[in-house]
Every structure is written in structure tokens, then in C-alpha cells.
Amino acid sequence: YPTWKRTLARRARESQMKRFCRAQAIQRRLEEIEVTFRELEQQGIKLEKLLRDENESPADQQTQWTNQLLYLVQKKNNLMTEESDLMIAVQELKLEEQQCQLDEKLRSYMNKEDTLKTPEDEKAEQEILKQLVEVVNKRNVLIQLQEEKRLSEL
């Protein structure tokens with residue numbers, strides 16, 4: 001078993017583990033965001049009730065509650081933006097995994113001697129290459145989307 005094949009296999013396993021760890025971290029953060037959403041929603045409901053029910057409250061108290069409510073809305077919007085970014089990252093991870101699998105398949109066909117390839121092998125190789133280009137294009141679209149989003153936020 002040649003050294004370069006072992007190196008490729010090891011690197012593939014390492015990158016797969018990195019993607020897995022990133023996916024777990026993203027999943028944990030999405031769950032945290034969901035919990036925070038619920039907490040913010042409950043706080044917002046309490047503040048709205050206070051604002052509606054306490055008409056006789058001093059104006060500065062109502063202003064304070066309104067400011068707190070606006071702060072909660074801003075915080076929720078920030079979390080929604082983060083959640084959107086994380087969902088894009090999830091899509092990117094899926095495409096990255098798909099690309100690695102296609103790379104591996106394509107490499108196995110390309111390592112085969114041309115004289116030993118059957119017409120089915122050549123057809124499969126072309127199909128895998130086509131799928132690989134599609135995945136790369138999808139990843140490119142995601143990267144462009146993230147860049148446009150980042151520029152619009154600036």
C-alpha cells in the first residue's frame with residue numbers, strides 16, 4: 001500500500017473529523033439560539049403586558065420598558081442573523097462532504113489505467129466529474145451569498 005495512498009486516506013479522515021466537529025458545534029449553537037429565542041419571547045411578552053396594562057405608570061417607567069423591548073427585538077434580530085449564517089455553514093459543510101466523497105470516487109477511476117477502463121467506467125467518471133463541478137458551483141454560490149451578506153452588513 002503506497003505511502004501517498006495512506007497519506008490521502010489519513011488526510012481524508014482528518015478533514016472528515018474536522019467537518020464532524022464543526023457540524024456538532026454548529027448544532028449546539030443552533031440549539032442555544034433556539035433556547036435564547038424562547039427566553040427573549042417570554043421576556044418580550046412580559047414587557048408588552050406591562051406596557052399595555054400599566055397605563056398609569058410614570059412616563060419614565062414606560063420609556064424604560066419600551067427601551068427594554070426594543071433591546072430584546074434587536075437581540076432577537078442579531079440571533080436570527082447568526083442562525084441564518086449557521087444554516088449557510090451547515091449547507092457548506094454538506095457540500096464539502098459531498099465534494100470529498102466525489103473526489104474520492106473520481107480519484108479511484110482516474111487511478112485506473114486507461115487501457116483497463118470499460119466504457120461504463122469512463123461514463124461513470126464523466127458523471128462524477130459533472131457532479132463534482134455542480135457541487136463546486138453550489139459552494140461558490142454559498143460563498144458569494146455570504147460575501148454579499150457581509151458587505152451589506154458593513
Side-chain angles (χ1 to χ4, degrees), residues 3-111 124-154:
T3 304
W4 65 271
K5 283 188 178 181
R6 284 194 306 262
T7 302
L8 280 177
R10 182 176 39 80
R11 286 184 183 162
R13 281 192 309 273
E14 287 172 358
S15 66
Q16 186 177 20
M17 283 304 297
K18 284 180 185 176
R19 284 191 302 275
F20 180 72
C21 289
R22 277 183 37 211
Q24 282 185 322
I26 289 171
Q27 184 62 39
R28 275 193 303 274
R29 183 61 188 142
L30 285 171
E31 289 169 1
E32 290 170 3
I33 288 173
E34 191 64 35
V35 168
T36 307
F37 271 151
R38 281 191 229 112
E39 291 171 357
L40 291 175
E41 193 70 33
Q42 293 301 316
Q43 291 174 6
I45 290 170
K46 288 178 185 175
L47 285 171
E48 281 185 46
K49 283 182 181 177
L50 286 172
L51 282 169
R52 289 185 186 158
D53 296 342
E54 302 293 329
N55 291 333
E56 295 83 34
S57 297
D60 58 335
Q61 180 68 45
Q62 287 187 355
T63 303
Q64 182 181 6
W65 290 336
T66 305
N67 288 339
Q68 287 176 349
L69 189 60
L70 291 174
Y71 173 75
L72 292 178
V73 169
Q74 182 183 21
K75 200 169 180 181
K76 188 174 178 181
N77 286 340
N78 291 341
L79 286 174
M80 288 177 71
T81 301
E82 183 182 356
E83 183 181 40
S84 171
D85 291 342
L86 290 173
M87 295 308 288
I88 290 172
V90 166
Q91 287 298 319
E92 194 172 349
L93 280 174
K94 286 179 183 177
L95 290 173
E96 196 175 318
E97 178 67 28
Q98 193 176 0
Q99 182 178 349
C100 285
Q101 290 171 355
L102 290 171
D103 276 339
E104 196 174 304
K105 286 180 185 177
L106 184 62
R107 199 173 293 116
S108 70
Y109 280 112
M110 293 178 101
N111 287 337
E125 184 179 343
Q126 290 302 315
E127 183 60 32
I128 290 171
L129 189 58
K130 181 181 163 191
Q131 290 174 356
L132 188 58
V133 169
E134 288 175 7
V135 168
V136 169
N137 287 336
K138 287 178 184 177
R139 285 185 69 191
N140 189 41
V141 167
L142 281 178
I143 290 169
Q144 286 176 344
L145 179 68
Q146 284 177 319
E147 185 64 18
E148 288 173 9
K149 192 174 179 182
R150 185 184 69 80
L151 290 174
S152 70
E153 288 173 358
L154 291 176

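As the structure is a prediction and not an experimental result, all values here were calculated from the model. The basis for the numbers below is simple: all heavy atoms, side chains too, and nothing from hydrogens, waters or symmetry mates. Positions are given from 1 along the sequence.
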| task | Before giving the answer on side-chain contact (heavy atoms from CB on, under 4.5 Å), spell out for K130 and Q126 the whole-Å C-alpha distance, their side-chain angles and the decisive distance to 0.1 Å. | result | CA-CA 6 Å; K130 181 181 163 191; Q126 290 302 315; over 6 Å; no
Contacts table for residues 145-153: side-chain donor-acceptor under 3.5 angstrom, sequence neighbours left out:
unit_1, atom_1, unit_2, atom_2, d
E147, OE1, R150, NE, 3.4
E147, OE2, R150, NH2, 2.5
K149, NZ, S84, OG, 2.7
K149, NZ, D85, OD1, 2.7
S152, OG, E148, O, 3.4
S152, OG, K149, O, 2.8

| query | Distance-only, no hydrogens or angles: does the N140 side chain make a donor-acceptor pair with backbone N or O of V136 under 3.5 Å? | reply | no
| request: To the nearest 0.5 angstrom, please state how far the CD atom of Q99 sits from the CZ atom of R139. | output: 4.5 Å
| message | Would E31 and R28 count as a salt bridge (charged side-chain N to carboxylate O under 4.0 Å, His left out) here? Give the steps. | response | CA-CA 5 Å; E31 289 169 1; R28 275 193 303 274; over 6 Å; no
| said: Counting C-beta onward and ignoring hydrogens, is there a side-chain heavy-atom pair between N77 and M80 closer than 4.5 Å? | reply: yes
| Minimum heavy-atom distance W65-L50, with the two atoms named | CZ3-O, 3.6 Å
| query | Regarding E39 and Q43, is there a side-chain donor-to-acceptor distance under 3.5 Å anywhere? | reply | no
| said: Please check if the number of heavy atoms outside E104 that lie under 6.0 Å from its CD is greater than 12. | reply: no
| message | Walk me through whether R22 and E96 qualify under side-chain contact (heavy atoms from CB on, under 4.5 Å). | response | CA-CA 12 Å; R22 277 183 37 211; E96 196 175 318; 3.9 Å; yes
| field | Close side-chain approach of V90 to Q27, heavy-atom, < 4.5 Å | value | no
| query | Just how far is it from atom CD1 of I33 to atom CZ of R38, taken to the nearest 0.5 Å? | reply | 12.5 Å
| said: Looking at E14 and R10, is there a salt bridge between them, counting it only when a charged N and a carboxylate O are closer than 4.0 Å? | reply: yes
| field | Interatomic spacing from CG in L93 to CD1 in I88 - rounded to 0.5 Å | value | 12.5 Å
| Just how far is it from atom CD1 of I45 to atom CG of L40, taken to the nearest 0.5 Å? | 11.0 Å
| note | Output for pair (L86 CG, T81 OG1), nearest 0.5 Å, gives 11.0 Å
| message | Quick check on salt bridge (Lys or Arg N to Asp or Glu O under 4.0 Å): which of E34, E83, E41 does K76 satisfy it with? | response | E41
| query | Say you draw a straight line from CD of Q64 to CG of L47; how long is it, rounded to the nearest 0.5 Å? | reply | 9.5 Å
| message | Contact between N78 and E82 at the side-chain level, heavy atoms closer than 4.5 Å - yes or no? | response | no
